[in-house]
Structure formats: C-alpha cells, structure tokens
**Q** 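I am attaching a structure below and will ask some questions about it afterwards.
Numbers here are sequence positions counted from 1. FYI, side chains are in, hydrogens and waters are out, and symmetry mates aren't considered; it's all heavy atoms of this structure.
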Amino acid sequence: MNKRKVVVFGSGGQLGVELVGEFTRRGFSVTGFDRSAVDISDGSRVERSLAEVDPAIVLNAAAYNQVDVAENEPAVAYQANALAVRNLAMACRQLDARLVHYSTDYVFDGAAGRPYTEEDRPHPLGAYAVSKLAGELYAQAYLDTALVIRTSGVFGPGGLNTARGNFIETMLRQASAGRTIRLVEDHVASPTYAPYLAVRTADLLERGHCGLFHVGGGAAVSWFDYAQIIFRLAGVKADVQATDERQYRTPARRPKFSALSNGKMESVGVAAMPPLEEAVRTYLQARAKHFGSSAR
C-alpha cells in the first residue's frame, strides 16, 4: 500500500472534483472513478478496482440524492447509499485502507430547532434519509477507522458541468426565465461550499481523525434567505416569494431545521467554515470565470 495513494469515487460530482483537486495539491497520487467507470453497488468491481490501485485512502463522494424520487424507489436508494458503502468498507478492510464516507443532515428530523451535533440521535424521515443513515452504520460496522462526515446542501463549481447543477444554478435559471420563485422560509439548513468541504476533509485526515464529524456550511439559513443572498450577490432581480411547508408539499418529508454544528471539527483544530456570503461570492466568481473561458 502506498500511503500517498488516494481513490475518489464519484469523482465527477460537485464534491468529487474538489476532492481530486485538493488531494492532488497536497501531493497525493489520486485516482478518480465516476459512475461510468465503477458503479460502487457492484461489490466485485469495487474490490478489483481498489486492489489494482492499492490506496491508503478511499473517499466516497458517490451518492443517490434524489430525495423525492426515493419514496417511489427506496430499494434503489438503499442499494446506492447503504449496500454500496458496505462494498467499499469490506474492500477497504481487505486493503487496510482508510474510508471517508459522506452523509447528510437529513438523518435528523429537524425537531430540535438548533444546529445538530454528533451526539444527537438521528431520526430520518424518509427513504433517502434512511438509506444515508444505513450507509453510516455500514462504514462504522466494518471499519474501526472510518471517517464519516455529515454535510448539508453541497454546492460547488463542479455543478456547472453536471446535468442537475445545484441550488444556485437552479435559482439563476428560474430568475433568467422570469419565473416567480416560491421558497420555504421555515426550513433551515447549512449550505456547504464543496471546495471548503474538501479542504476540511483533508485536514481531518492529515490530523489522523476518524469517527463522526459534522462539516456544514457554518451558518443556519432558510432556503428563502439563501436565495436572497444569491440574487443580491449576483446582481440579479428576481420575483422570490416566501412560502412554508404547508403550502409547498413534497413527496418526501424533510427536516425543518437541519443545520449542523461544526463545534467538534473546530475543537480538534480544523478551521471554521467561512460565512455563507463569502462562499456564494467565491462560487459566483468561479462561475463567471467558467462562462468567460467557455465563450472564448
């Protein structure tokens, strides 16, 4: 095993591309697999792929995150978010590799009304959330040194190259089309900038930490207020109307207040997350650069 070898699953996603970049900058030899290369629900394929690279660290940024669709296909969500993690954990155990797995604020029901800590008891509200909690348990069941990172509302420049994009891109598209945008003001999360998450992942690993850590955006904000920040910083006029969960029903129940406390992360010497406004501003700068280079 080469201690400087890293494998990233889901390397084409918003978080995956940042992990590849961050670990490369830190001098690691990084191999990235997107789903077209390796479907992690295929246990034998995972085992062969990891055996060929023989990494010291495996980062799992692959996930099924269609929260509402999962209510109609819970087995698909469970296969991708839970049993696939079991495949990774078993392969890592054979190679004595460290596994980093990403989970979600949605493992909580949002009833606490405050940012959640690692000591709070999970209470998932739907098929997606259950599948993500099961993934956490599989990682910890098979590995003593797994690092499980819960995060929230991830967005990053990688979303500019994916079909689904991210919340910021959705908002800007809706505004560009002149549509009225209705957003809940009674649901609160802590949106997380993918490059910042990648840096703190590497920091936790290089300090030798394992177990469960929350790495959220650092600020509790409603989706309505989040959109207002986006449009103000982008200089875009949009018709944004506040609504609530009673008026805006979705197939899957969602936690009303699922912001995450980063207190444990900060207590071990990892830098606090910058303010959300700084993250959105940095994203918009990267976005402008992306479209500027695309136009040339």
**Q** Do E71 side-chain atoms and A252 backbone N/O form a donor-acceptor pair below 3.5 Å?
**A**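 No.
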**Q** With rounding to the nearest 0.5 Å, note down the distance linking CD in E18 to CD in Q14.
**A** 9.0 Å
**Q** Looking only at atom types and distance, does a side-chain atom of R86 sit under 3.5 Å from a main-chain N or O of A141, one as donor and one as acceptor?
**A** no
**Q** Looking at D244 and V184, would you say the former's side chain and the latter's main chain have a donor-acceptor pair under 3.5 Å?
**A**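 Not at all, since once roles are kept as given, no pair shorter than 3.5 Å links the two residues.
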**Q** Name all residues meeting the salt bridge (Lys or Arg N to Asp or Glu O under 4.0 Å) criterion together with D39; count only those two or more places apart in sequence or in a different chain, and write none if there are none.
**A** R35
**Q** To the nearest 0.5 Å, tell me how far H290 NE2 sits from L160 CG.
**A**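 Rounded to the nearest 0.5 Å, the NE2-CG separation comes out at 5.0 Å.
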**Q** Give the intermediate values and the outcome of side-chain hydrogen bond (donor to acceptor under 3.5 Å, both in side chains) for residues D34 and S11.
**A** CA-CA 5 Å; D34 60 20; S11 61; 5.4 Å; no
**Q** Rounded to the nearest 0.5 Å, how far apart are CZ of R173 and CD1 of I181?
**A**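 It is 11.0 Å, given to the nearest 0.5 Å.
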**Q** Do V199 and F213 belong to the same hydrophobic cluster, where Ile, Leu, Val, Met, Phe, Trp and Tyr are linked whenever their side-chain heavy atoms lie under 4.5 Å apart, directly or via other members?
**A** no
**Q** Nearest 0.5 Å, please: how far is NZ in K132 from OG in S103?
**A** 5.0 Å
**Q** Counting only N and O atoms by type, is there a donor-acceptor contact under 3.5 Å from the side chain of S131 to the main-chain atoms of Y78?
**A** no
**Q** Please tell me whether V107 and L197 are part of a single hydrophobic cluster in this structure, the criterion being side-chain heavy atoms less than 4.5 Å apart.
**A**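 The answer is no; the residues belong to distinct hydrophobic clusters.
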**Q** Output yes when R48 and E52 qualify as a salt bridge under the 4.0 Å nitrogen-oxygen rule, no when they do not.
**A** no
**Q** S152 and A189: which non-hydrogen atoms are nearest, and at how many Å?
**A** OG-CB, 3.5 Å
**Q** Could you verify whether a donor N or O on one side chain and an acceptor N or O on the other, from N60 and H101, lie under 3.5 Å apart?
**A** yes
**Q** Going through the checks in order, is the side-chain contact (heavy atoms from CB on, under 4.5 Å) test met by T201 and L59?
**A** CA-CA 9 Å; T201 297; L59 300 153; 4.0 Å; yes
**Q** Centre of F28's six-membered ring, under 6.0 Å away, within 45 degrees of the axis: is that where NZ or CZ of R4 sits?
**A**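 R4 over F28 ring: yes.
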**Q** When hydrophobic residues are tied together by side-chain contacts of less than 4.5 Å, even through go-betweens, does V215 share a cluster with V221?
**A**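 Yes: a chain of side-chain contacts under 4.5 Å links V215 to V221.
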**Q** Same cluster for L212 and M273 if Ile/Leu/Val/Met/Phe/Trp/Tyr side chains link at under 4.5 Å?
**A**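 Unlinked, L212 and M273 end up in two clusters.
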**Q** Test M171 against every option in V240, V236, N166, L183 by the side chain to side chain contact (heavy atoms under 4.5 Å, CB included) rule and name the one that passes.
**A**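 That would be L183; it is the only one of V240, V236, N166, L183 passing the side chain to side chain contact (heavy atoms under 4.5 Å, CB included) with M171.
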**Q** Measuring from H214:NE2 to E118:CD, what's the distance to the nearest 0.5 Å?
**A**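 The distance works out to 4.5 Å.
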**Q** Are L133 and Y128 side-chain neighbours, meaning at least one heavy-atom pair lies under 4.5 Å?
**A**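 L133 vs Y128: side chains apart.
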**Q** Looking only at heavy atoms, which two atoms of Y196 and A279 are closest? And how far apart?
**A**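 Distance-wise, the nearest heavy atoms are CE1-CB, 3.7 Å.
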**Q** Checking the side chain of Y106 only, and the main-chain atoms of L125 only, is there a donor and an acceptor separated by less than 3.5 Å?
**A**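 Not a single qualifying donor-acceptor pair exists.
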**Q** Please report the C-alpha distance between E136 and Y102 in whole Å, then the side-chain angles of each, then the deciding distance to 0.1 Å, and finally whether the side-chain hydrogen bond (donor to acceptor under 3.5 Å, both in side chains) criterion is met.
**A** CA-CA 8 Å; E136 294 184 13; Y102 294 90; over 6 Å; no
**Q** For K237 and F231, what are the C-alpha separation, side-chain angles and deciding distance, and is it a side-chain contact (heavy atoms from CB on, under 4.5 Å)?
**A** CA-CA 7 Å; K237 290 186 177 181; F231 293 130; over 6 Å; no
**Q** Taking all non-hydrogen atoms of both residues, which atom of G153 and which atom of W223 are closest, and how far apart?
**A**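 Heavy atoms of G153 and W223 come nearest at CA-CH2, 4.5 Å.
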**Q** Please report the shortest heavy-atom distance between V17 and G158, naming the atom on each side.
**A** CG2-CA, 4.0 Å
**Q** For salt bridge (Lys or Arg N to Asp or Glu O under 4.0 Å), just list the numbers for E22 and R25, CA-CA rounded to whole Å, side-chain angles, deciding distance to a tenth of an Å, and then say yes or no.
**A** CA-CA 5 Å; E22 183 61 29; R25 282 189 290 273; 3.1 Å; yes
**Q** Can you check whether F155 and Y193 have ring centres sitting under 6.0 Å from each other?
**A**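 Ring-ring flag for F155/Y193: true, centres closer than 6.0 Å.
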**Q** Would you find a donor on one side and an acceptor on the other, under 3.5 Å apart, between the side chain of H209 and the backbone of L147?
**A** no
**Q** Are D109 and R121 close enough for a salt bridge, meaning some N to O gap below 4.0 Å?
**A** no
**Q** Under 4.5 Å between side-chain heavy atoms, hopping through other hydrophobics if needed: is there a path connecting V130 to Y116?
**A** no
**Q** Could you tell me if the side chain of F33 sits less than 4.5 Å from the side chain of V8, heavy atoms only?
**A** no
**Q** Indicate the atoms forming the closest heavy-atom contact of G135 with V85, along with that distance.
**A**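 Nearest pair, atom of G135 first, then V85: O-CG1, 3.4 Å.
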**Q** Side chains of E73 and Y64: any donor to acceptor distance under 3.5 Å?
**A**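 Result is yes, a qualifying pair exists.
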**Q** Using modelled atom types and a 3.5 Å cut-off, is there a donor and acceptor pairing between side-chain atoms of N87 and backbone atoms of I40?
**A** yes
**Q** Do NZ/NE/NH1/NH2 and the carboxylate oxygens of R254 and D68 come within less than 4.0 Å?
**A** yes
**Q** Over all heavy atoms of both residues, which pair between A127 and P74 is shortest? Give the atoms and the distance, please.
**A**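 Of all heavy-atom pairs spanning A127 and P74, the closest is CB-CB, 3.8 Å.
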**Q** What I want to check is whether the side chains of T151 and T192 have a donor and an acceptor closer together than 3.5 Å.
**A** yes
**Q** Pick from V58, L88, L19, I149: which one makes a side chain to side chain contact (heavy atoms under 4.5 Å, CB included) with V100?
**A**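 Among V58, L88, L19, I149, the one that satisfies the side chain to side chain contact (heavy atoms under 4.5 Å, CB included) with V100 is I149.
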**Q** Step by step, work out the side-chain contact (heavy atoms from CB on, under 4.5 Å) result for T31 and V6.
**A** CA-CA 6 Å; T31 301; V6 172; over 6 Å; no
**Q** Can you tell me how far CG of L260 sits from OG of S258, rounded to the nearest 0.5 angstrom?
**A**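 The distance works out to 6.5 Å.
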**Q** Please step through side-chain contact (heavy atoms from CB on, under 4.5 Å) for the pair L205 and F23, ending with a clear verdict.
**A** CA-CA 11 Å; L205 275 173; F23 279 83; 3.7 Å; yes
**Q** Using 4.0 Å as the upper bound for N to carboxylate O, is an ion pair formed by R98 and D144?
**A**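 No, this pair does not count.
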**Q** Under a 4.0 Å N-O cut-off, is there an ion pair linking R232 with E277?
**A** yes
**Q** Evaluate D203 against R26 for salt bridge (Lys or Arg N to Asp or Glu O under 4.0 Å), listing each step before the verdict.
**A** CA-CA 10 Å; D203 288 345; R26 295 191 186 212; 2.8 Å; yes
**Q** Say whether, by atom type as modelled, one donor and one acceptor occur between the side chain of K256 and the main chain of V188 under 3.5 angstrom.
**A** no
**Q** Is it the case that S222 and E185 place a side-chain donor and acceptor less than 3.5 Å from each other?
**A** no
**Q** Is the backbone N or O of T117 less than 3.5 Å from a side-chain atom of R150, with the two atoms forming a donor-acceptor pair by type?
**A**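 Judged by distance alone, no pair lies under 3.5 Å.
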**Q** Could you label the plane-to-plane angle of the F167 and Y226 rings as parallel, tilted or perpendicular, counting under 30° as parallel and over 60° as perpendicular?
**A** parallel
**Q** When you check the gap from the basic side-chain N to the acidic O, do R287 and E169 get nearer than 4.0 Å?
**A** yes
